[in-house]
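Quick note on labels: first sequence line is chain A, next is B, and so on, each numbered from 1. Since the model is a prediction, treat every value here as computed from it, not as a measurement.
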Amino acid sequence: MTSKDTILEALKANSPAPVERGPLGFTPMTFQDPLAKFQENVVSIAAAKCFLLQDGESVDDIIRRVYPDAKRIASNLPEVTCATVNPDGLDDPRQLAGTDVGVVRGEFGVVENGAIWIPRAVRHKALMFISEALVILLDRRNIVNNMHEAYARPGFDDYEFGSFIAGPSKTADIEQALVIGAHGPRDVTVILL
Amino acid sequence: MSSHSKAAEKFIADRPRTDWHNQALWFVRQKRDNMARSIPEWEALREAAARTKMHTITHLAYYLEMFERNATANGIHVHWAKDALEHNETVYNILKEHGVKHLVKSKSMLAEECGLSPYLEERGIEAVESDLGERIMQLMHQPPSHIVLPAIHVKRQEVGELFERELGTEHGNSDPTYLTHAAREHLRDKFLHADAAMTGVNFAVASSGAFVVCTNEGNADMGTSFPKLHIAIMGLEKVIPDYDALAIYHRLLARSATGQHSTTYTSHYKRPVEGQEMHIVIVDNGRSKILGNPVHRNMLRCLRCGSCMNTCPVYRRSGGYSYSYFIPGPLGINLGMLADPKQYSGNVSACSLCMSCSNVCPVKIDLGEQIYSWRQELDTLGLANPVKKGIVKVLNTALGSPGMFHFCIKAGRLGEKISPRGLLYCGANAWGRSRELPEFTARTFEQIWKEELSSTASCNTETARKGSSTNI
Ligand code: SF4
C-alpha cells in the first residue's frame with residue numbers, strides 16, 4: 001500500500017459523522033464610499049503612498065515625482081514610458097537585482113485591508129519583490145469591500161502566481177519594533193487610474 | 001513540581017525581563033482585540049470559521065484527493081508522507097535529485113515538527129531560515145520560542161551582539177531598523193544564490209489545487225523567485241474546500257495572529273512558472289490518529305495563528321522554553337499530549353483554566369477545556385503526580401464525614417499555632433514558596449453562619465419573596 005492509501009484509509013476509518021458546511025451566517029462589512037476608504041486604508045493600514053491620477057497627468061509624472069533619484073525602472077507596461085528596462089527581456093530573474101522601481105498592474109483592491117491582488121503578468125515574479133520600490137497601477141473602478149467579494153470575483157482563479165500585497169515589506173521580529181523594508185520593497189506607491 | 005514549573009523558575013528569576021516579555025505579548029493581544037472590535041461580524045466570522053473547519057476535517061480524505069487532483073493538473077508534483085521520517089526522506093530525495101546544496105526556507109512549524117533542518121544538515125545540505133526571527137534563532141542555535149514571533153524573548157541588545165559576531169554589524173548598535181537592514185543584505189545574498197526554496201503552507205485550496213503562503217517580510221516570495229525548485233510542505237489539516245472558505249480564514253488569520261488587517265503578502269501558488277519545478281508534500285505524522293479522538297480532534301482546526309499564546313497568562317510569564325514540547329502555550333500543551341503523553345505531561349499544569357485561549361481562538365478550539373480533560377486523564381494514563389494523588393486521598397478522608405471534617409479543622413488551627421515556620425514552609429509546601437499561607441480566622445464560617453447569618457438569611461429570603469409577590 002502506498003503512503004497515500006495508508007493515510008486516506010486512516011482518515012476514512014477515523015472520520016467522525018460528517019458536519020454540514022452551512023451558510024456563511026452573516027453579512028460581511030461594506031463601506032459607504034469604497035474608493036475613498038480604500039485610498040485611506042492603503043495609506044493608514046498598508047503604509048503605502050496613494051495617488052488618484054488627475055486629468056492631464058501621466059503615470060510617468062507621478063513616478064518621476066515620487067522617485068526622482070530612480071535610475072533603473074523596470075516595467076513591461078506600455079503606459080510606463082519612463083521604464084529603463086523591460087524585465088521580460090531578461091532571461092535570469094537575478095538580473096533584476098538592483099532595480100530601483102518596479103511597476104506592475106494590480107487587478108483589484110480590497111477596502112477592508114488595503115491590499116491589492118496582483119496576478120503575475122511579468123515573466124519573473126521577482127520583480128514584485130526585489131525592486132527597492134514597487135509601483136502598482138490600479139483601475140479605480142476595481143475596488144471590492146472585503147475578502148468575500150474578492151475571492152468571489154468572476155475569473156479570480158485564473159492565475160499562475162498571485163499575491164495580495166498590502167504595502168511595503170515589513171517585520172517586527174526585533175522587540176516588536178515595526179521596521180519597513182525587511183526583504184521586499186521598502187516603499188510602495190499605488191496609482192489609481 | 002512539574003517539568004514546566006521547574007523550567008519556568010529559571011525564566012522568572014529575572015523579574016524585569018519577565019515583565020517585559022509579558023508586556024510585549026499583551027501588546028499583541030491588545031492589537032488583536034482592536035481588530036476584533038473593528039469588525040462587526042467578528043463573532044459570526046469565528047463561528048463560520050469553526051464550522052467550515054469541522055466540515056473540512058470530517059471530509060479530509062475527500063478534500064485532500066480533490067486537492068491532489070487539481071494540483072497535479074496544475075503541474076505541481078504531490079507527495080504523501082505518513083510520518084516525520086518519510087517527510088524528511090521525501091524532501092531530501094527531491095533535493096538530492098536536483099543536486100541542491102543550499103536551501104532557503106521560509107518559516108514552517110511542520111519542518112520544526114519533523115526536525116528537517118538537522119536531518120538535511122547531516123546530509124550536507126545547508127538550510128537557511130529567511131524569516132528574520134527564525135534567522136536570529138538559527139544563528140543563536142536555539143529553537144523558536146513562539147510559533148509566529150520566534151524571537152519574542154530576545155532583546156535588541158542580544159540581536160545586536162549576535163549580528164556583530166555573525167554579520168559584522170557595528171559594535172554597540174542595537175537599533176532594530178539598522179539590524180533588520182543588515183539582515184536584509186545578508187539574506188539577499190542567500191536568496192540570490194540558493195539552489196532551492198522551501199515554504200510552508202497556510203492554506204491548500206482543494207477546488208483549485210493552489211496553496212497560500214502568508215508573510216509580512218516577503219521572504220517566502222523572495223525565496224521562491226530565483227531557484228528552479230520550490231518544495232512546499234503541509235500538514236494534511238491545511239486543506240480547505242474552496243475560495244469561499246479561504247475568504248473566512250484570510251480575514252481571521254493576521255487579525256488574530258498579530259493584530260494586522262492582513263499580512264503584507266498573501267501569496268497564492270497555483271502553477272510552476274517557466275522552467276521551475278514545484279513539489280508539495282502532504283504530511284500525516286499523527287494527524288489521522290487525532291481525527292479518531294473524539295475529545296481532542298478539534299485540534300485539527302488550528303490555523304497556527306499563535307493568539308492562544310499571546311493571551312495566555314502562564315505563557316506570557318514563563319516563556320516558550322518552559323514547555324517541554326516544541327510548540328508552547330495552550331496549543332502546545334494539547335499537541336504535546338497528543339504526540340506523546342508520557343514525555344509531555346509536565347506541561348498540562350501550565351494552565352490556570354482562565355479559558356482566555358478558548359475565547360480568542362479564531363476557529364473556536366476549546367483549548368482550555370481540553371487541557372482540563374487531559375488532567376482528568378492523567379491518572380488513567382498512569383501519569384498522575386503521586387504527591388497530589390496522596391493529597392487528594394487525605395482530603396477525601398478529611399472531608400468524608402462531618403465528624404472528620406470538624407476534627408480536621410480543629411487540628412489545622414492547632415497545627416498553625418504550634419508548628420514552627422520552618423515546618424509550615426518546608427520544601428513540601430510548593431504553594432507557600434512564594435506566598436504566605438492565609439491565617440485561620442477566629443471563627444469558622446460554620447460558626448458565623450449558625451450564630452449570625454442563618455436568621456438574617458431567612459429574613460432576607462422572606463423579604464425577597466414578599467417583594468416579588470407585590471411586583472407581580
Ligand atoms: S489553537 Fe486557535 S488560537 Fe491557538 S494557534 Fe491554533 S488557531 Fe490560533
Side-chain angles (χ1 to χ4, degrees), chain A residues 2-4 6-8 10-12 14-22 24-29 45 93-94 97 112-115 120 123-126 128-130 146-148 150-152 156-157 159-167 169-171 173-177 179 181-184, chain B residues 24 27 39-41 44-45 47-48 51-52 54-55 58-61 80-82 86 132-133 136 151 155-156 159 176-177 179-181 184 187 192 208 216-219 221-222 225-226 236 243-244 246-247 250-251 261-262 264-271 273 284 288-289 291-292 294 297:
Chain A
T2 63
S3 294
K4 174 185 167 184
T6 314
I7 294 169
L8 291 178
L11 288 174
K12 283 176 194 157
N14 289 341
S15 187
V19 171
E20 282 300 308
R21 202 167 160 184
L24 189 59
F26 60 89
T27 313
M29 68 204 288
I45 294 177
R94 290 173 182 85
E112 74 163 316
N113 51 25
R120 183 182 68 84
R123 185 168 169 197
H124 309 290
K125 81 173 198 295
M128 287 145 73
F129 306 105
I130 203 169
N146 54 55
M147 291 314 302
H148 306 282
Y151 283 120
F156 176 84
D157 198 26
Y159 63 89
E160 288 183 343
F161 168 88
S163 190
F164 283 98
I165 297 189
S169 149
K170 28 185 120 50
T171 185
D173 272 348
I174 302 177
E175 280 196 19
Q176 282 298 294
V179 178
H183 296 300
Chain B
F27 174 64
I39 310 266
E41 66 267 26
L45 194 56
E47 189 58 48
R51 207 178 45 243
T52 310
M54 253 354 256
H55 167 75
T58 57
H59 296 81
L60 271 174
W80 301 75
K82 291 189 295 288
E86 194 179 8
L132 176 59
I136 291 172
K155 294 227 169 187
R156 62 180 74 188
V159 180
T177 305
L179 295 173
T180 300
H181 290 156
R184 175 187 170 99
L187 283 162
L192 289 173
S208 152
N216 277 319
E217 301 182 2
N219 54 315
D221 306 288
M222 277 293 272
S225 284
F226 305 102
L236 55 78
Y243 287 114
D244 287 344
L246 183 56
H250 187 149
R251 297 187 74 194
H261 293 75
S262 76
T264 304
Y265 302 100
T266 306
S267 295
H268 299 49
Y269 294 83
K270 194 170 145 194
R271 280 193 199 100
V273 297
D284 183 343
S288 59
K289 203 172 125 219
L291 186 64
R297 65 166 63 103

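- Taking the side-chain hydrogen bond (donor to acceptor under 3.5 Å, both in side chains) definition, one finds that B:Thr266 meets it with B:Thr263, sequence neighbours left out.
- With a threshold of 4.5 angstrom between heavy atoms, B:Glu47 does not approach chain A through any atom at all.
- With a 4.5 Å cut-off on non-hydrogen atoms, A:Ala150 does not touch chain B at all.
- Only the backbone of A:Ala17 has a heavy atom closer than 4.5 Å to any heavy atom of chain B.
- Using a 4.5 Å cut-off between heavy atoms, B:Leu187 touches chain A through its side chain atoms alone.
- No other option in A:Thr6, A:Asn146, A:Asn113 has as many heavy-atom pairs under 4.5 Å with chain B as A:Asn113.
- B:Leu192 has its side chain within reach of A:Ile130: a pair of non-hydrogen atoms, C-beta onward, lies under 4.5 Å apart.
- With chain A as partner, the option from B:Lys289, B:His181, B:Glu86 having the largest number of non-hydrogen pairs under 4.5 angstrom is B:His181.
- With hydrogens and angles ignored, the 3.5 Å screen pairs a side-chain donor or acceptor of B:Arg184 with a backbone N or O of A:Gly184.
- Most heavy-atom pairs under 4.5 Å with chain B, from the set A:Ala115, A:Pro28, A:Ala152: that is A:Pro28.
- Of the residues considered (B:Ala151, B:Gly218, B:Pro176), B:Pro176 shows the highest number of contacts with chain A, using heavy-atom pairs under 4.5 Å.
- Of the listed residues (A:Gly167, A:Gly114, A:Gly162), the greatest number of heavy-atom pairs within a distance under 4.5 Å of chain B belongs to A:Gly162.
- Ranked by heavy-atom pairs under 4.5 Å with chain A, the list B:Ala44, B:Ala48, B:Pro294, B:Ala81 is led by B:Ala44.
- Residues B:His268 and A:Tyr151 place their aromatic rings such that the two centres sit under 6.0 Å apart.
- With sequence neighbours left out, A:Tyr159 forms a side-chain hydrogen bond (donor to acceptor under 3.5 Å, both in side chains) with B:Tyr243.
- Here the closest heavy-atom approach between residue A:Arg120 and residue A:Arg123 is recorded as NH1-O, 3.0 Å.
- One N or O on the side chain of A:Ser169 and one on the backbone of A:Ala182 form a donor-acceptor pair closer than 3.5 Å.
- Looking only at side-chain heavy atoms (C-beta outward), B:Tyr265 and A:Met128 stay at 4.5 Å or farther from each other.
- Interface remark: A:His124 contributes no atoms to any contact with chain B (heavy atom separation under 4.5 Å).
- Relative orientation of the A:Phe164 and A:Phe156 rings is parallel, given thresholds of 30° and 60° on the angle between their planes.
- The main-chain N or O of B:Ser288 is found under 3.5 Å from a side-chain atom of A:Asn14 such that the two form a donor-acceptor pair.
- Counting heavy-atom pairs under 4.5 Å between each of A:Thr171, A:Ile165, A:Asp157 and chain B puts A:Asp157 at the top.
- Residue with the most contacts toward chain A among B:Arg297, B:Lys155, B:Arg271, B:Arg251: B:Arg251 (heavy-atom pairs, distance under 4.5 Å).
- Comparing A:Gly25, A:Ala10, A:Ala126, A:Pro16 by heavy-atom pairs within less than 4.5 Å of chain B, the highest count is held by A:Pro16.
- Of the residues considered (B:Arg156, B:Glu217, B:Met222), B:Glu217 shows the highest number of contacts with chain A, using heavy-atom pairs under 4.5 Å.
- The contact between B:Pro40 and chain A is made entirely by side chain atoms (from C-beta outward), counting heavy-atom distances below 4.5 Å.
- Contact of A:Thr27 with chain B is made through the backbone alone, with heavy-atom distances under 4.5 Å.
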Exercise for the section: Go through B:Tyr269 and B:Asp221 one step at a time and tell me if the side-chain contact (heavy atoms from CB on, under 4.5 Å) criterion holds. Expected result: CA-CA 10 Å; B:Tyr269 294 83; B:Asp221 306 288; 3.4 Å; yes
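- Residue contact with chain B, scored on non-hydrogen atoms closer than 4.5 Å, involves the backbone and the side chain of A:Ser15 alike.
- B:Asn216 approaches B:Thr264 most closely through the heavy-atom pair OD1-N, 2.9 Å.
- Counting heavy-atom pairs under 4.5 Å between each of B:Ile136, B:Leu246, B:Thr52, B:Ile39 and chain A puts B:Leu246 at the top.
- If you tally non-hydrogen atom pairs under 4.5 Å between each of A:Gln176, A:Glu112, A:Lys12 and chain B, the highest count goes to A:Glu112.
- Both the backbone and the side chain of B:Leu45 come within less than 4.5 Å of a heavy atom in chain A.
- Side chains of B:Leu236 and B:Leu60 form a contact here, defined as non-hydrogen atoms less than 4.5 Å apart.
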